[in-house]
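Here's the structure we're looking at; comments come further down.
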Amino acid sequence: MRTLIALVAFVGVAALNLLWWWLPNRPVDIAGWTAEPLQSVSFAPYRPGQSPLTRTFPTPDQIDEDLKRIQGKVRAVRTYSSGENLEAVPQRAGKYGLKVWHGAWLNNNEKENLEQINLLIDHANKYKDTIERVIVGNEVLLRKDLTANELRRYIRQVKQRVSQPVTYADVWEFWLRNPSLADEVDFITIHILPYWEDEPIGVDRREPDGTLSIEKHLVDIYKKVQARFPGKKIVIGETGWPSDGRMRSDARPGRVEQVKYFSIFRSAAEREKFDYNVIEAFDQYWKARQEGTVGAAWGLLDAQRRDKFELGKPVVAEPHWRTLFALSTIISGLLLLGFVSQRRKMTRKAVLLFAFFAQLVATCYVQATWIDVSRSFYFERMLGVAFWAVLLALFSYALLRGIADSLTGRMADPSLYGARVREAWRAWRELPRRRIWQRADLMAQLLYLALTLLCIFYLVVISIDWYDGVIRIGDFFRQIAIDGRYRDFPIWSFVIPSIVLMAWKVLTIPRKEPVSRADRMAKALSFGRLLGYDGSKGFVRMDRTFSRVRPVLPEIVLAGLLIFWAAVLLVTEGAVKLHDGGAGGFVSADGGRWVIKTLFWNTQANWFAFLALVMAVPYLATIYVSIREPLAEPPADSYTNKW
């Protein structure tokens with residue numbers, strides 16, 4: 001009978017699990033998405049392990065393979081450098097029917113700039129049939145690598161020695177700030193990236209009249225630049241959307257969102273007769289070191305040269321969802337099998353509850369680990385993936401072990417629990433190491449503390465921008481830069497220790513027990529009862545002290561930091577920088593003003609802040625219970641009774 005109940009429970013939770021994975025990953029038809037090739041695409045042929053930062057470059061044969069891979073998807077490619085083996089692009093693009101917008105990479109090093117300029121001129125003259133446009137520099141004004149006058153000198157050098165039209169490429173705002181450069185180029189190349197705008201725009205946002213805000217923005221910016229430079233041809237040199245990474249305001253990265261953007265943009269381009277280049281051909285893992293996950297995920301194809309989507313066909317948000325469903329179902333099945341085979345005394349209700357929580361934990365663990373694995377772009381990130389996989393596995397074990405013990409009446413004596421953080425730490429230190437795996441309560445408490453500190457750390461680094469830190473070790477200097485725009489929200493890493501744990505704790509509140517308890521709800525939610533009520537008549541021992549505050553000082557600090565930084569996160573994610581000449585807000589160094597305009601628009605930030613607040617609940621409940629405890633009585637002969 002027990003086997004039948006377990007089988008029914010497994011089938012039921014597996015069906016729920018299937019629904020969980022299938023619903024958000026159904027193929028989506030995008031209106032206006034056609035199989036027509038795009039005009040041009042940014043072409044950076046770096047593969048995993050290759051990077052211009054480490055000067056490990058693709059070979060000419062690899063470049064040839066990549067050109068062949070995008071044949072039929074685009075009509076031209078744009079390069080950003082003339083070195084790094086990229087002569088192979090104009091050399092071999094012609095045989096695949098591709099034209100080239102060839103570029104020189106400029107920075108603040110004059111020697112390197114001259115090398116790039118000379119190579120660009122040489123290639124432009126050598127491959128005139130393939131190179132149709134020449135681009136001198138990319139976003140050097142944005143990065144402040146060069147002044148407008150320095151850039152002007154390089155543009156003139158190239159114009160004098162090539163026959164193709166010459167341009168410079170930068171974000172549209174920097175053309176408006178440096179209008180004199182328009183006289184030096186044959187056409188103006190602007191970048192319009194709604195995701196990276198100071199006020200980001202989501203692909204689904206609409207104006208009051210129902211038009212898509214992102215389409216209106218694209219057309220308005222194009223016409224604004226066109227009006228500022230009448231008679232000059234305007235080319236959109238970069239536009240696109242990331243397929244993975246963190247949200248900015250309501251701008252959500254994703255495969256479906258990426259295709260929606262391309263569809264919206266291409267419709268506008270056909271109507272307005274835009275000349276354009278999209279970014280980019282392949283995902284570039286090396287960019288993750290500077291720009292996080294979102295920087296590595298702008299490709300039409302992934303880094304392994306697999307299609308993320310096909311032109312004109314439905315799109316799936318997570319192509320691997322079937323594998324993830326199967327893996328999470330197998331894990332939960334094994335957990336349930338272990339529970340049923342190892343626990344002799346159990347009820348039908350116990351089997352059903354354990355099956356549900358085993359599946360919930362398995363699904364959340366697979367989801368969290370897969371997101372981390374899919375973002376392990378370099379070695380340090382791989383170490384982080386391994387760390388989180390082990391940490392979450394240990395906490396999941398402690399949680400499920402506690403649930404199993406609670407459902408079968410095998411929990412440890414509650415009086416051995418650590419009622420407060422200090423007491424839990426003391427009990428952990430005194431515990432014989434061979435008994436660690438047997439004390440799920442203490443293991444859960446210590447791991448919960450570690451996860452709390454990590455949650456606070458992520459809240460801080462996502463909320464702040466800091467560029468002035470320097471580490472000095474002897475003659476070695478290392479500058480530290482923290483930019484929250486490039487940090488992912490680690491939502492799934494904290495779902496198990498917040499929502500799943502809290503769901504179990506709340507479920508134990510109405511549990512029938514042989515004794516009555518004061519402040520029952522607060523105690524069930526507290527740190528001392530981290531795994532909830534176990535159905536026994538035991539009590540968690542809370543030692544009386546002479547102070548109400550000192551014993552719960554760790555809880556006050558941890559809960560305070562979680563709540564404070566969750567609020568800071570929401571405020572910073574709701575702030576946008578405007579360059580409209582208006583008044584109010586916080587004025588930045590570049591003249592823009594920060595105002596709170598998109599509060600609660602970023603659903604990823606909202607979720608992460610919510611998880612942080614949920615993780616604060618056990619500490620707040622412990623503070624409440626501790627404060628309501630009577631204070632200890634001083635001894636009769638203590639100095640307080642003497643005059």
Side-chain angles (χ1 to χ4, degrees), residues 17 20-21 23-25 195 200 202 242-257 288 292-294 296-297 317-318 320-321 324 328 359-377 381 384-385 387-393 395-396 399 447-448 450-464 484-504 561-563 565-574 598-617:
N17 192 36
W20 170 268
W21 290 106
L23 273 176
N25 294 302
Y195 174 85
S243 61
D244 193 16
R246 56 108 77 211
M247 287 182 69
R248 300 187 70 233
S249 184
D250 61 340
R252 178 192 298 276
R255 290 182 184 237
V256 174
E257 288 77 9
T293 298
V294 74
E318 174 51 78
H320 302 93
W321 72 268
L324 300 175
S328 56
Q359 185 64 76
L360 189 58
V361 169
T363 299
C364 293
Y365 181 82
V366 168
Q367 180 88 69
T369 306
W370 169 246
I371 289 175
D372 287 345
V373 168
S374 66
R375 297 173 176 177
S376 56
F377 305 114
R381 280 213 176 192
V385 171
F387 169 79
W388 270 107
V390 172
L391 182 62
L392 279 181
F395 186 82
S396 299
L399 175 59
L447 291 170
Y448 192 81
L451 288 162
T452 298
L453 295 175
L454 285 169
C455 185
I456 294 169
F457 168 78
Y458 281 110
L459 287 169
V460 173
V461 297
I462 293 173
S463 300
I464 67 173
R485 293 179 305 165
Y486 303 133
R487 295 277 183 171
D488 298 329
F489 295 100
I491 296 171
W492 283 102
S493 297
F494 291 95
V495 169
I496 295 175
S498 57
I499 293 178
V500 177
L501 173 66
M502 193 56 61
W504 169 251
L561 288 173
L562 286 168
I563 295 169
W565 283 105
V568 171
L569 175 71
L570 292 175
V571 171
T572 56
E573 290 298 322
T598 58
L599 195 63
F600 303 122
W601 286 22
N602 187 329
T603 55
Q604 289 181 353
N606 297 344
W607 271 109
F608 190 42
F610 172 72
L611 297 182
L613 295 178
V614 172
M615 290 193 71
V617 169

State, with a plain yes or no, whether a side-chain heavy atom of [X] is found less than 4.5 Å away from one of [Y].
{"X": "F608", "Y": "D488", "value": "no"}
{"X": "R381", "Y": "T293", "value": "yes"}
{"X": "M247", "Y": "P253", "value": "yes"}
{"X": "I496", "Y": "L501", "value": "no"}
{"X": "L613", "Y": "L562", "value": "no"}
{"X": "V294", "Y": "R485", "value": "no"}
{"X": "M615", "Y": "P497", "value": "yes"}

How close do [X] and [Y] get, heavy atom to heavy atom, and via which atoms?
{"X": "A297", "Y": "D244", "result": "CB-N, 3.7 Å"}
{"X": "D250", "Y": "P200", "result": "OD1-O, 3.9 Å"}
{"X": "C364", "Y": "W492", "result": "SG-CZ3, 3.9 Å"}
{"X": "V571", "Y": "L599", "result": "CA-CD1, 4.1 Å"}
{"X": "A317", "Y": "N25", "result": "CB-OD1, 3.7 Å"}
{"X": "W21", "Y": "S328", "result": "NE1-OG, 3.3 Å"}

Hey, could you give me the [atom1]/[atom2] distance between [X] and [Y], rounded to the nearest 0.5 Å?
{"X": "F387", "Y": "L392", "atom1": "CZ", "atom2": "CG", "result": "9.0 Å"}
{"X": "T572", "Y": "N602", "atom1": "OG1", "atom2": "CG", "result": "9.5 Å"}
{"X": "S249", "Y": "Y195", "atom1": "OG", "atom2": "OH", "result": "10.5 Å"}
{"X": "W20", "Y": "L360", "atom1": "CH2", "atom2": "CG", "result": "8.5 Å"}
{"X": "W565", "Y": "I464", "atom1": "CH2", "atom2": "CD1", "result": "6.0 Å"}
{"X": "F489", "Y": "E573", "atom1": "CZ", "atom2": "CD", "result": "4.0 Å"}

| message | Between T598 and R248, do the side chains contain a donor N or O and an acceptor N or O under 3.5 Å apart? | response | no

[X] side chain vs [Y] backbone, donor-acceptor pair below 3.5 Å:
{"X": "Y486", "Y": "R246", "result": "no"}
{"X": "T369", "Y": "V366", "result": "no"}
{"X": "S374", "Y": "I371", "result": "yes"}

| task | For a side-chain contact (heavy atoms from CB on, under 4.5 Å) with P490, tell me which candidate from L611, I462, L454, D372 qualifies. | result | I462

| message | Walk me through whether V568 and L459 qualify under side chain to side chain contact (heavy atoms under 4.5 Å, CB included). | response | CA-CA 8 Å; V568 171; L459 287 169; over 6 Å; no

| Given the side-chain rings of F494 and W388, with only the six-membered ring counted for Trp, is the space between their centroids under 6.0 Å? | yes

| field | Heavy atoms of other groups near W607 CH2, more than 12 under 6.0 Å | value | no

